[in-house]
Amino acid sequence: MVDTAERVPAANSAATDSAASNSAASRPAPAPAAGAAPRVDVEALGRQLLGDWAEARLASRELAGRPDMQKIEGLSVADHRKRVFGQLGLLVENGQVHRAFPKSVGGADDHGGNIAAFEELVAADPSLQIKSGVQWGLFGAAVLHLGTAPHHETYLPAIMSLDVPGAFAMTETGHGSDVASIATTATYDPESQEFVLDTPFRGAWKDYLGNAAVDATAAVVFAQLITQNVNHGVHAFYVPIRDADGAFLPGVGGEDDGQKGGLNGIDNGRLHFTGVRIPRTDLLNRYGDVAEDGAYTSPIQSPGRRFFTMLGTLVQGRVSLDGSATIASKIGLKIALTYADERRQFTAGSDTDEEVLLDYQRHQRRLLPLLATTYAASFAHEVFLHKFDDVFSGAAATDDDRQDLETIAAALKPLSTWHALDTLQEAREACGGSGFLTENRITSLRQDLDIWVTFEGDNNVLLQLVAKRLLTDFSRKFAKADAGALARYVVTHAADRAYHGSGLRSVAQTVRDFGSTARSVNWLQESASQRELLTDRVETMIGEIAGRLRPASKLSKKAAAELFNSQQNELIEAARAHGELLQWEAFTEALEQAPDAGTKQVLTWLRDLFGFGLIEKHLAWYLIHGRLSPQRAQAVTAYIDRLLTRIRPHAVDLVDAFGYGPELVRAKIATGAEGERQAEARAYFAEHRAAGTLPAQEKSQKKR
């Protein structure tokens, strides 16, 4: 094993040269020597993992590696909040916050680079990452994307410089993910040409808002826009909330949410409004405006489409959560796998030497599939980030492009955030008591990331949005089909169900394999076979759900809602399957960019472990639906065991390629200290065995 401290800086310095990285990726991979075992080129793989915004990532990592930017464990809530707010000022000094803002106000119009740099701050302190996200990714981005030029000129410079700390006041105590139903109102008064903001009851208080408890002097408030006695739905308003001394302005009130289960460097709080008046011009009016006389106009006539368009402009929060959750998984695995490669326990195969934890199959089963999924999530995030940059830079900004981006965000953010929690928990357990110590960071990371699964959209709600999009796409296939096309589909679908349902496909697979596990594995190893199985599951699930929901159009609203609710679990599972397919596809595409044949071989094993893991997880479905024979189902688990053995020698290289050195990992058990302790212990016993000075064991005395 190569020392991380020696290896990572070389990978980082090499990765700064994007031209060299692109050139290396375009060259054909050299073939390994005949009979030679494949090896991972850690530096080259590290460059590939950094992606196309490598320089932004590396600059952000350098900043995150500074002690004054990092979390100090054990601080009081008040002190942690104060420290993180001070760190926001350091971000401003460093120029980190300006990338995504327009050049007209001193920004760089670099949307992809902004997210890439921002998500790397999770390595310093998740509270810092999220608080900066509140200030510039939510509060500032709302002014940017929902406001117009006068708002940009008036408000963005002070937001960018932190002269005006702000809150993003969307969520209410009574309405979290259901933003369309929020109850705060902004009623237009044509006589004074002002909007009057009110929270009519306790459930309408704005809640869980970062910056709201202490620091924010203004907020972007989402409210129902009412003018001329017509409610035009949710719109955003720029609202001052505190004076220069930190006191609430007249009509504004609030509370501190207090200590939380994590992210205590952020001052989350509540806000409420009673008759608060703001100028008509403080409506962020890109998608809806009110004239002096109260007349409402919008470039988008459909209220539903207008609402989703406004929310869609704020999708970058989900993009960054997908990336930062994946980074947290990388750090957790870096800690756990480094430790597992050094820690020894039990003399299973020797009378004298204890075994390395990572050599135990169960330990491999616990950690290596999580490593495979983390790689899949990382490659999928790079694809996702490109899609985001294309949409927000205007390179691909049609309605279809935006809808695709929102669907990808709703599919990937749940998978990566759930995966992060699973990974950190398993990493904690795999490190035993050491993993429970705060100094080894895993428990702290998991606490802070716990909220990732519910903010910026509850994961289950997001997956329902994905499922609805899949159902819409499914129905569009047949929207303009003639009777003959529909008849052919019905016949084909019926035949397909008869073929799979009768077990004929399963029988055919068994006959083809002639009872051979090797033949079963050979078929499953092929990318086309994995793609077929993963795609078929998504399409079949959506097709079955669509068939069950078909009568909904003829039912009453209540009955249709009950029918849809009866399929909710299936819808969420189908959406998860779709997200997993996106990750598998991204991993498969990334194999073609591998820097050399040895690295590509190891990554292919890792991709297969990810794909086989998905199939194994859903084996019951594949067997019930006749997609796999029992022989091939057994081969899945058998081949996973073989893959674990193949990947094990490369596990440390694979986490070293993530590029997170000691200054970013900050866990004592990942520094090589455990290896030194184990070497000292082995040397001690070896010396005394050689000298014959070890006491005899009781059982050996009895044998005499």
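Starting from 1, each residue takes its place in the sequence as its number. Keep in mind that the numbers below use all heavy atoms, side chains included, and drop hydrogens, waters and symmetry copies.
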* side-chain contact (heavy atoms from CB on, under 4.5 Å) partner of Phe658, chosen from Thr374, Thr326, Leu664, Ile331 -> Thr374

* Just do the side-chain contact (heavy atoms from CB on, under 4.5 Å) check on Glu120 and Tyr660 with the steps written out, would you? => CA-CA 10 Å; Glu120 294 288 345; Tyr660 294 100; 2.8 Å; yes

* Are any non-hydrogen side-chain atoms of Pro126 and Leu449 less than 4.5 angstrom apart? -> yes

Check residues 426-434 and write down every donor-acceptor pair under 3.5 Å in which the side-chain atom is one partner and the other belongs to a residue at least two apart or another chain.
unit_1	atom_1	unit_2	atom_2	d
Glu426	OE2	Arg366	NE	2.7
Glu426	OE2	Arg366	NH2	3.0
Arg428	NH1	Gly432	O	3.0
Glu429	OE2	Gln425	NE2	3.0

* Find the distance between CG (Leu581) and CD (Gln530) and round it off to the nearest 0.5 Å. => 11.5 Å

* May I ask you to check whether His650 and Arg39 show a side-chain donor-acceptor distance below 3.5 Å? => no

* So do Leu644 and Tyr639 actually touch side chain to side chain, heavy atoms under 4.5 Å? -> no

* Give, for atom CD1 of Ile266 and atom CG of Leu128, the distance between the pair rounded to the nearest 0.5 Å. => 9.0 Å

* **Residue pair Ser324 / Trp452, side-chain donor-acceptor N/O under 3.5 Å** => yes

* **pair Leu45-Asp656: side-chain heavy atoms closer than 4.5 Å** => no

* Quick one: CG on Leu91 to CG on Leu63, what's the gap to the nearest 0.5 Å? -> 6.0 Å

* Do NZ/NE/NH1/NH2 and the carboxylate oxygens of Arg57 and Glu119 come within less than 4.0 Å? -> yes

* Asked: With a 3.5 Å cut-off and no angle check, do the side chains of Lys330 and Ser378 form a donor-acceptor pair?
  -> yes

* Does any non-hydrogen side-chain atom of Gln87 lie less than 4.5 Å from one of Lys131? -> no

* Give a yes or no on whether a salt bridge exists between Arg677 and Glu680, defined as a side-chain N under 4.0 angstrom from a carboxylate O. => no

* Asked: In Å and rounded to the nearest 0.5 Å, what is the CG to CG distance from Leu368 to Leu337?
  -> 6.0 Å

* Asked: Where is the tightest heavy-atom contact between Gly435 and Ile442, given as atom of each residue plus distance?
  -> O-CB, 4.2 Å

* Would you mind telling me which of Glu526, Glu585, Glu580 makes a salt bridge (Lys or Arg N to Asp or Glu O under 4.0 Å) with Arg531? => Glu585

* Asked: Are any non-hydrogen side-chain atoms of Gln96 and Leu121 less than 4.5 angstrom apart?
  -> no

* If every non-hydrogen atom of Asp401 is compared with every non-hydrogen atom of Val391, which pair is closest and at what distance? -> O-CG2, 3.9 Å

* Decide yes or no on side-chain contact (heavy atoms from CB on, under 4.5 Å) for Leu370 and His419, but give the supporting numbers first. => CA-CA 8 Å; Leu370 295 173; His419 171 66; 3.8 Å; yes

* Kindly say whether Leu358 contributes a backbone atom to a donor-acceptor pair with the side chain of Gln364 at under 3.5 angstrom? => yes

* To do: Inspect the surroundings of NZ in Lys387 and state if more than 12 heavy atoms from other residues, nucleotides or ligands are less than 6.0 Å away.
  => yes

* Atom OG in Ser329, atom CG in Asp422: separation rounded to 0.5 Å? -> 9.0 Å

* Structure fact -> Heavy-atom closest pair (Gly210 atom, Val134 atom, distance to 0.1 Å) is O-CG1, 3.5 Å

* Structure fact -> Sorted by chain and number, sequence neighbours left out, side-chain hydrogen bond (donor to acceptor under 3.5 Å, both in side chains) with Thr454 holds for none

* So which heavy atom on Arg99 is nearest to which on Ala117, and how close? -> NH1-CB, 3.2 Å

* **Closest non-hydrogen atom pair, Leu462 against Pro414** => CB-CG, 4.0 Å

* Asked: Any idea how Phe388 and His111 line up, ring-wise: parallel (<30°), tilted (30 to 60°), or perpendicular (>60°)?
  -> perpendicular

* Asked: What class does the angle between the rings of His381 and Phe384 fall in, given that below 30° is parallel, 30 to 60° is tilted and above 60° is perpendicular?
  -> perpendicular

* **Set of ring-ring contact (aromatic ring centres under 6.0 Å, His included) partners for Trp418, sequence neighbours left out** => none

* Asked: Would you find a donor on one side and an acceptor on the other, under 3.5 Å apart, between the side chain of Ser132 and the backbone of Gln129?
  -> yes

* Could you go step by step and tell me if Tyr375 and Leu654 meet the side-chain contact (heavy atoms from CB on, under 4.5 Å) rule? -> CA-CA 9 Å; Tyr375 263 80; Leu654 288 167; 3.7 Å; yes

* Supply the atom-to-atom distance Arg441 CZ to Arg666 CZ, rounded to the nearest 0.5 angstrom. => 4.0 Å

* Asked: Are His98 and Asn114 close enough that a side-chain donor and a side-chain acceptor fall under 3.5 Å?
  -> no

* To do: Would you indicate whether the side-chain heavy atoms of Phe610 and Pro369 approach each other to under 4.5 Å?
  => no

* **Residue pair Glu616 / Thr637, side-chain donor-acceptor N/O under 3.5 Å** => yes

* Asked: Is a side-chain donor-acceptor pair under 3.5 Å present for Thr417 with Asn459?
  -> yes

* Asked: Among Gln70, Arg83, Lys71, His80, whose side chain to side chain donor-acceptor pair (under 3.5 Å) with Asp125 holds?
  -> His80

* Salt bridge or not for Glu456 and Arg318, using N-O below 4.0 Å? -> no

* Do NZ/NE/NH1/NH2 and the carboxylate oxygens of Lys600 and Glu592 come within less than 4.0 Å? -> yes

* Exam field: side chain Asn440 to backbone Lys668, donor-acceptor pair closer than 3.5 Å -> yes

* Asked: Parallel, tilted or perpendicular for Phe346 and Tyr360, by the 30°/60° rule?
  -> perpendicular

* Asked: With a 4.5 Å limit on heavy-atom distance, are the side chains of Glu355 and Gln345 in contact?
  -> no

* Option passing salt bridge (Lys or Arg N to Asp or Glu O under 4.0 Å) with Asp641 (candidates Arg365, Arg648, Arg646, Arg362) -> Arg365

* side-chain contact (heavy atoms from CB on, under 4.5 Å) evaluation trace for Tyr622 with Arg537 -> CA-CA 8 Å; Tyr622 287 109; Arg537 183 165 181 265; 3.7 Å; yes

* Verify whether one side chain among Asp596 and Thr599 offers a donor that lies under 3.5 Å from an acceptor in the other. => yes

* At their closest point, which heavy atom of Ile451 faces which heavy atom of Asp448, and how far apart are they? -> CG2-O, 3.7 Å

* Are any of the side-chain heavy atoms of Leu614 and Leu533 separated by less than 4.5 Å? -> no

* Decide whether Arg632 and Gln634 meet the rule of one side-chain donor and one side-chain acceptor closer than 3.5 Å. => no

* Asked: Sub-3.5 Å donor-acceptor pair from the side chain of Ser529 to the main-chain atoms of Leu524, do we have one?
  -> no

